[in-house]
2 protein chains.
Amino acid sequence: MTPSARPSSKKDIRRENEKLILEAAEKVFAEAGFGGATMQLIADMAGLPKANLHYYFPTKESLYRRVVQNIFHDWLMAADVFDAAPGPVEGLGAYIDAKMEISRRHPAGSKVWASEVMHRAPVIQDYLETTLVEWTEGRMAVVRRWIDEGKMDPIDPRHLLYMLWATTQHYADFGHQIETLNGGQPLSDTQWEAAKHSVKTVILKGIGARPSG
Amino acid sequence: MTPSARPSSKKDIRRENEKLILEAAEKVFAEAGFGGATMQLIADMAGLPKANLHYYFPTKESLYRRVVQNIFHDWLMAADVFDAAPGPVEGLGAYIDAKMEISRRHPAGSKVWASEVMHRAPVIQDYLETTLVEWTEGRMAVVRRWIDEGKMDPIDPRHLLYMLWATTQHYADFGHQIETLNGGQPLSDTQWEAAKHSVKTVILKGIGARPSG
DNA sequence: GATCAACCTGACCATATGGTCAGGATAAGA
DNA sequence: TCTTATCCTGACCATATGGTCAGGTTGATC
């Protein structure tokens, strides 16, 4: 809450406003879905007049597209931990931690992504077919290498990846259900640690990951 | 495609039309979300005039509510296999099979459920707080019993359930992504078997399930 | 300090959509 | 056969929403 930090510069204004709009849009799209979201609501949440949104983003779709692209970017970044790791214990462990952290810190983004995919990816299908396919091939290769090196059981890498995505993103996408089942309270720090621990324990043991070292 | 099976009886008409509408609604809500779905589209898909929908379901909400309630019902049914089982291998194995089958046969229902929960369960929050809480408590008790009896490792039952839901429902909710990563093709029978097998293998081994008997 | 490009916005418009209704058709029952 | 309750629907309405625009403000540039 900077009290009155007027961004004087024209460039700052643009950067600042785009950021406000994108943050508000992510939340609204996550809570209402694309169809349920209204430009008016996003504008209100961003503290700007609706016409101003249309100055920066000509259409609702263009705004939505930018939101989804940003999320996709974060999504891919989360796996930098993956490659350098000597084995599944370190690599997958760190990946699970990273994705759980995203679920905790950016649940809205995860929901928008889930919603986009559930609705057959109307705006990022091309990314799925190119970037995501390549990314997935790369990680599967890493898993196969670990298998060949005897560092884990011969689990189908594809389904292993799906399990990782599913289990970690579940804590964001179904966060409301989890919260309800937690007596209406958000998970505490301790409970988040327990969640991470459970996921890592089951999966790493489940694939027969042998500590390298 | 029954060619001209005119259901004469008034009761049959009602049953038949409600069924048509609910099936169409489930698909449309799944593909477009609540906000994106239109009564006109549901009507077209059901092959009825829009005004006729409003004869059976006064409002869009009431129609949506019925759809979600039906799904919730199926969701709970899937776990009948759970209780009678002598141990985790049979119980969880059968549960995973059942939920994977739902993901395969009724992906639309799964998506509607996911969407409802993601949007903070505006219409079935009361069910979450009552029925789902009770259901969950019951299954957690079963898992704890298995742990006490030394039939599996002491995994937090709560997070185990979340993993089961997440991994199985992922194949419905993110089916489009999975299909894209499968070269644009839906999973074949063989691939579905592989998916089930992978999930069961990793989870059952991951929790240290010991075959009872 | 004058000019210009970028930024801003209240008022407005066209359209889509949920919902209504009057009046007609049809099966059930007496 | 007559009456009634249920079913059906084209036409219509009120409202919400995405998007436009003319005219104004403000920082940048020389």
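Below, chains carry the letters A, B, ... as their sequence lines are ordered, and counting in each starts from 1.
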*State which residues pass ring pair (Phe, Tyr, Trp, His ring centres under 6.0 Å) with B/Phe82; sequence neighbours excluded, sorted by chain then number.*
B/Tyr95, B/Trp146
*Looking only at heavy atoms, what is the nearest atom pair of A/Ala85 and A/Arg145, with distance?*
O-NH2, 4.4 Å
_salt_bridge(A/Asp97, A/Lys200) N-O dist < 4.0 Å_ = yes
*Among residues two or more places apart or on two chains, list those pairs meeting salt bridge (Lys or Arg N to Asp or Glu O under 4.0 Å) that have a residue in residues 60-69 of chain A.*
A/Glu18-A/Arg66
*State plainly whether the residues A/Arg104 and A/Asp189 are in salt-bridge range, i.e. N to O under 4.0 Å.*
yes
*CG of B/Asn52 versus C1' of C/dG18: gap in Å, rounded?*
16 Å
*asked:* It should be established whether A/Arg14 places a side-chain nitrogen or oxygen under 4.0 Å from OP1 or OP2 of nucleotide C/dC7.
replied: yes
*Which residues satisfy the side-chain contact (heavy atoms from CB on, under 4.5 Å) test with A/Pro122, sequence neighbours excluded?*
A/Glu116, A/His119
*Let me know the distance between CG of B/Asn17 and P of C/dT26, rounded to the nearest Å.*
15 Å
*Write down the distance between CZ (A/Arg15) and P (C/dC7), rounded to a whole number of angstrom.*
12 Å
*Using a heavy-atom distance cut-off of less than 4.0 Å, which residues of residues 31-51 of chain A contact DNA chain C?*
A/Pro49, A/Ala51
*Could you tell me the separation between the OH atom of B/Tyr55 and the P atom of D/dC8, rounded to a whole number of Å?*
7 Å
*Is the closest side-chain heavy-atom distance between B/Leu132 and A/Gln177 below 4.5 Å?*
yes
*asked:* What is the separation between atom NZ on A/Lys11 and atom P on C/dA5, rounded to the nearest whole Å?
replied: 17 Å
*Is there a donor-acceptor contact under 3.5 Å linking the side chains of B/Asp156 and A/Ser198?*
no
_Whether A/Asn182 side chain and A/Gly184 backbone form a donor-acceptor pair below 3.5 Å_ = no
*Have a look at A/Asp12 and tell me which of A/Arg15, A/Lys10, A/Arg14 forms a salt bridge (Lys or Arg N to Asp or Glu O under 4.0 Å) with it.*
A/Arg15
*Just wondering, do A/Tyr55 and A/Asn17 contact through their side chains at under 4.5 Å, heavy atoms?*
no
*With a 4.5 Å heavy-atom cut-off, do A/Met140 and A/Leu161 have their side chains touching?*
yes
*Mind running a 4.0 Å heavy-atom check of residues 18-25 of chain A against DNA chain C and sending the residues that fall below it, in number order?*
none
*Would you mind telling me which of D/dA28, D/dC8, C/dC7 lies closest to the side-chain atoms of B/Ile13?*
D/dC8
_The criterion is ring pair (Phe, Tyr, Trp, His ring centres under 6.0 Å); which residues satisfy it with B/His159, sequence neighbours excluded?_
A/Tyr171, B/Tyr162
*asked:* Checking B/Phe29 now: which residues fulfil ring pair (Phe, Tyr, Trp, His ring centres under 6.0 Å) with it, not counting sequence neighbours?
replied: B/Phe34, B/Tyr64
*Could you state the NE2-P distance from A/His54 to C/dG10, rounded to the nearest angstrom?*
15 Å
*Tell me the side chain to side chain donor-acceptor pair (under 3.5 Å) pairs involving residues 121-133 of chain B, sequence neighbours left out?*
A/His176-B/Gln125, A/Thr180-B/Gln125, B/Gln69-B/Tyr127, B/Gln125-B/Glu129
_Difference in axis direction between the ends of the helix from C/dG1-D/dC30 to C/dA30-D/dT1, five pairs, 10°_ = 10°
Protein-nucleic acid N or O pairs under 3.5 Å, nucleotides 23-26 of chain D:
unit_1: D/dT26; atom_1: O2; unit_2: A/Lys10; atom_2: NZ; d: 2.8

*asked:* Under the rule for salt bridge (Lys or Arg N to Asp or Glu O under 4.0 Å), what residues qualify as partners of B/Glu101, not counting sequence neighbours?
replied: B/Arg105, B/Lys196
*Of all of residues 59-69 of chain B, which get a heavy atom below 4.0 angstrom from DNA chain D, listed by number?*
none
*Check the distance between D/dT9's C1' and B/Phe57's CZ and give it to me in whole angstrom.*
18 Å
*When we call it a touch if two heavy atoms are under 4.0 Å apart, what does A/Tyr56 touch: a base, just sugar-phosphate, or nothing?*
sugar-phosphate
